[in-house]
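What follows is a set of notes on a single structure, which appears directly below.
Being a predicted model, the structure only gives us computed values, none of them experimental. Quick note on labels: first sequence line is chain A, next is B, and so on, each numbered from 1.
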Amino acid sequence: MSNVVPENTDAAVIMRDVDKWYDSYHALTAINLTVARGEKIVVCGPSGSGKSTLIRCINQLETIRSGTITVDGIELTNGGENVDKIRREVGMVFQQFNLFPHMTVLENCMLAPIKVRGVSKAEAEQTARRYLERVRIPEQADKYPAQLSGGQQQRVAIARALCMNPKIMLFDEPTSALDPEMVNEVLDTMIDLASEGMTMLVVTHEMGFARKVADRVIFMDKGEIVEMGEPESFFSNPQNERTKTFLGQIAH
Amino acid sequence: MSNVVPENTDAAVIMRDVDKWYDSYHALTAINLTVARGEKIVVCGPSGSGKSTLIRCINQLETIRSGTITVDGIELTNGGENVDKIRREVGMVFQQFNLFPHMTVLENCMLAPIKVRGVSKAEAEQTARRYLERVRIPEQADKYPAQLSGGQQQRVAIARALCMNPKIMLFDEPTSALDPEMVNEVLDTMIDLASEGMTMLVVTHEMGFARKVADRVIFMDKGEIVEMGEPESFFSNPQNERTKTFLGQIAH
Amino acid sequence: MFRSFGPNEALYIITAVQWTLLLSAIAFAGGAVGGMAIALARVSAIKTLRYAALSFIRVFQGTPLLMQLFLVYFGLSIMGVGINLWVAAAAALTLHASAYLGEIWRGCIEAVPAGQSEASYALGLKYGDRMRYVVLPQAAKISVAPTVGFLVQLIKATSLTSIIGFVELTRAGQIINNATFQPLTVFSLVAAVYFVLCWPLSMWARHLESRFAVATAR
Amino acid sequence: AAQSVEEIQQRGTVNVGLLVDFPPFGILDQSGNPDGYDADVARLLAEDLGVELNLVPVTGPNRIPYLLSNQVDILVASLGITPERDEQVDFSQPYAGIEIFVFGDANLEVTGPEGLSGQNIAVARASTQDTAITEIAPSDANIQRFDDDASAVQALLSGQTPLMGASNVVIAQINTMAPDRFDTKFSLRQQSQGIAVRPGSDELLGYINEFLGRVKADGQLNALHEEWVGGPLPEFVAETE
Amino acid sequence: MGYQFNFAPVFNNFDQLLYGALITVQLSFGAILIGLLIAVPCAAAKTAGPAPLRWLVSLYIEVIRNTPFLIQIFFIYFSLPALGIRFDPNTAALVALAVNVGAYATEIVRAGIESINRGQIEAGKALGLKGHQIFRYIIIKPALRTIYPALTSQFIYLMLNSSVVSAISATDLAAAGNNIQSTTFAAFEVYLVITAMYLVLSLGFSGLFSAIGRKAFSYPLAR
Ligand SMILES: Nc1ncnc2c1ncn2[C@@H]1O[C@H](COP(=O)(O)OP(=O)(O)OP(=O)(O)O)[C@@H](O)[C@H]1O
Ligand SMILES: Nc1ncnc2c1ncn2[C@@H]1O[C@H](COP(=O)(O)OP(=O)(O)OP(=O)(O)O)[C@@H](O)[C@H]1O
Ligand SMILES: [Mg+2]
Ligand SMILES: [Mg+2]
């Protein structure tokens, strides 16, 4: 696993001068970010500011044009074989859940461990049931996603990602497709997870969650990291004009 | 203004014991309503209470099972030829605008006068331009609906209906598909129209509009007219329990 | 030498339906394999593969099956591959079916939401597992109706093998017609047999389509 | 590629192309197998070669391509011997013969090529009739070419064309089918039919010629002709050596 | 393997092929035009007509869609004369093609009509337009726009299918090829060239149709 490991050998994620383009659109500009192991980071910012793009670059759902990304000590080069290694260590939860509709909840959770990690069926099932328990829906194991509420589906998605025993979890607006009454059940699950020491990068506008859980809050605008700080100072005393305006809007 | 006016030959609309069924669903029950010429009526009530059904019966977009409807002195019998006469006198504006996407704004406004009233093209165009002026979008005449904002589209829909010189205008939630910043431009147009003496039946939850314009407000629930009164007393002192609850909700 | 049209003749035509069915089955089986390859190539990440598949489709959807039959039949043997009627008919029909099924199935694969693939990537699934366990099962469900619809087209297309002399349903009809000179009877019977084969499939396809429309409407 | 007797005998089967829609020379029997005069001649030949016979149904227009593209070894497919075809394939001595006529609607007065003016005439594409009529017909005659003889007959019977180019054999059949509706207008040519092999297959052709000589001499061929066509071999066929 | 390609016979007779291609184009366009004239009223009848008419249209569609075109053309050319209906080969081909494409197009156009939002029809009614006016001025154009791609592929399929009409001695491109092939025996070369010509035709057709589509349906669509 030895790779070019720059300064902080122990960081979970290191992004250095990352630039991302969609054809002629400059989506991320000179991103520098180091995430320590066990750290919880909340990313916020206006729509289109590049939040999703940022976290999707980390497990290379998007390929970057320049810069380097190092995840768990492994440097990620575009399309290389390291991608597979890294994806095994990074779990991701999407806004739209993206559960596999033709598989039961249990099957959703067992697929990747069996096919990617090569664990036995019995072991995969055991792990899956354990994590379903942890997100508090063990009794839904044999249902299909369409039979669950949005909040339940998102918790399955979290369990599915956890079944791979990832070192880092990425969340892209995990609660914004949910009806208000289901937001909290998902946030609670995430708070549990945070308290157990998982490294987390979370795109969200749930500021209550950020205050409670985040070690750092990052504010993005127009593809740049505009401000970054501990939640206390970030919310009470933002430095940047755009941050102020934005926080003013979402406070309503 | 004159209220419950039974044998008023000069009324714009008279509905007597109207019952409407969708197959086995009883959508309107024993509706009695007389609308005087020049009167403005606002209809409100919870979703599914039959508001749309009520005003759609007036120009026979829905056929009633029993009762009679008289519009502008013409009695409307199901499917009879009077339907054509009546539709010429009644203009309607829908929630979803329903502009014809393949015709320019001007063509949308000219179609019915030419095909139904048989006026010349030149005259139809003149009328169309006059009403487009009145709804304050004369400069959009040659655009297609898809090139306009929602508020502009709805104003075209109003102009289109006016081009037939209707005696009565029906509005079915004309602003509820609009972004908030466009609601007022449409309401203003309707207020103009009201001030010019048009007979209007408006389904809406814009209570500001109701207070300003309505001669009477009708509250419907479960297919019945539950309460009816002048806006002042209706809002300040509703008699019926359901009305109270409803007004409480939308006041928020 | 002239016969009149009797039960024997009718039976001759009706039994020829087995060749029509066999040809359809071969074409469908071949087309399924080829079509899957074409569909996968069309959605592949490799540009050359995508363009190759697209050219294949352009050619085989842009030229008449009749010409494809002639070309394969005379062409392959000219190139020294001694082939018989069966091989030629099967090859041409397979190419034809591959092009159409490939396009149909590509559409179905692309109809599977992109989020499904992204979730698979994020879980570390490789191309093969992603296709096999996530994308294709979902695409398969969407594809049933248009595939059954295409099967009808394929059954009818086998009638063209009669032009290179293959004795299936249509050719049997022609032969009986040549012996009996009762075209009205003969071709009505042939048409009726095709109808009996195809109509239930058409109805089934339509049924599946409407069921799917209802399922997606929610 | 040229074909040799040895190659065929080694393989143990001979692939013979024949028509199945050209009664009485090539037909399908009740159970759908090729039959007719050509089929019986082919059987006789295969027996003589001491090999299995594989009859391959071919169609009129595609007969020669079948042969040239190695689909079949030999054509016993009622192929009329013409100079143009002789350039493509090698013909044996005649094994059958027909006379071809312009034939058609009894009410129509046609005595020679000029009578074809302005008329629709059905022929089988690339048949001897096609060639012959194309040669003599005035420019305003409309020759309609069908894929096979039967379709042309069909066009005549269904009234789509008033005239067709047809052999004596076909004419006899049409007359039994629809007596008095049609009559023979004028003769186009006498046509010998030969067995065809790929060019350069001289040794095979020699064998076939020798075989035909034998079966003509011992009356076997004549017997088959009697059986299928209902008369002896025409003079111009029987004589040829 | 040792086969001598000889394209001379093909190019010596190229004028025949061009003439055949012209007939193919004429047949196709004629059939498309007539087919549309069949399809639009049939689709209207099937969506809004009286029951017996709907039933009749369904019968027409199902019979045509579930039998091979080759059989249909045999039927029209060889069988209809028995009922006293007689066409020359090219006319029979045109009739067969038009009847065939008419059935497919009916189904496509019907789907287009059904895709039109009910609100459009209600707006027409509310303005006092009559049923046929609503169909003519409000429904048909947006309906055709929706189904234009499907219609286009059906038309190209029809053009390719027209190669079958040589079986009844029509004089289209395939027939020209068959004629040359049967006198020159350069079967492979002839079919190769013809196939290429069909490919050019189908590419030309799709180019032409999309140009027509851009012109006819130039109004913008809602986002
Ligand atoms: N596949 C793509 N192709 C082209 N542009 C894209 C693509 N994906 C995103 N973009 C653009 O990149 C910019 C950043 O997108 P991104 O999805 O990261 O924003 P975001 O901050 O997540 O916004 P939101 O809050 O709406 O999810 C946007 O302007 C978007 O339009
Ligand atoms: N075409 C129809 N067929 C069957 N039921 C219908 C139909 N249209 C309306 N209904 C039913 O009739 C009832 C009244 O409908 P209507 O559209 O008049 O309600 P509404 O008061 O306008 O509600 P909303 O505020 O949601 O527009 C509802 O329960 C509705 O489900
Ligand atoms: Mg995002
Ligand atoms: Mg309503």
query = Which residue out of C/Cys198, C/Pro64, C/Ser162, C/Gly173 racks up the most heavy-atom pairs below 4.5 Å with chain E?
reply = C/Pro64

request  = For each of C/Val152, C/Thr158, C/Thr63, C/Val59, tally heavy-atom pairs with chain E at distances under 4.5 Å, and name the one with the top tally.
outcome  = C/Thr63

Checking heavy atoms, do the side chain of [X], its backbone, both or neither come under 4.5 Å from chain E?
| X | answer |
| --- | --- |
| C/Ser188 | both |
| C/Gln174 | side chain |
| C/Tyr100 | side chain |

ask   = In this structure, are over 12 heavy atoms from other groups packed under 6.0 Å from E/Phe7 atom CZ?
value = yes

ask   = With a cut-off of 6.0 Å (strictly less than), are more than 12 heavy atoms of other residues, nucleotides or ligands near CZ of E/Arg145?
value = yes

key: Region of E/Leu203 in contact with chain C, defined by heavy-atom distances below 4.5 Å   = side chain

key: Inter-chain contacts: residues 102-110 of chain E against chain C, heavy atoms under 4.5 Å   = E/Tyr104, E/Glu107

ask   = By number, which residues in residues 157-178 of chain E have some heavy atom less than 4.5 Å away from chain C?
value = E/Tyr157, E/Leu160, E/Ser163, E/Val164, E/Ala174, E/Asn178

Please round to the nearest 0.5 Å and tell me the distance separating atom [atom1] of [X] and atom [atom2] of [Y].
| X | Y | atom1 | atom2 | answer |
| --- | --- | --- | --- | --- |
| C/Ser159 | E/Phe74 | OG | CZ | 9.0 Å |
| C/Leu66 | E/Thr195 | CG | OG1 | 9.0 Å |
| C/Ser202 | E/Ile61 | OG | CD1 | 11.5 Å |
| C/Phe195 | E/Asn66 | CZ | CG | 5.5 Å |

query = Partners of E/Phe217 by ring-ring contact (aromatic ring centres under 6.0 Å, His included), sequence neighbours excluded?
reply = E/Tyr148

ask   = Step by step, would you call C/Leu184 with E/Phe78 a side-chain contact (heavy atoms from CB on, under 4.5 Å)?
value = CA-CA 8 Å; C/Leu184 200 62; E/Phe78 290 130; over 6 Å; no

request  = For the pair C/Lys156 (side chain) and E/Leu70 (backbone), establish whether a donor and an acceptor sit closer than 3.5 Å, ignoring hydrogens and angles.
outcome  = no

request  = Would you name the heavy atoms of E/Leu192 and C/Leu71 that are closest together and state the gap between them?
outcome  = N-CD2, 3.5 Å

message = Suppose we screen for salt bridge (charged side-chain N to carboxylate O under 4.0 Å, His left out). Which residues come up paired with C/Glu168, at least two apart in sequence or across chains?
response = none

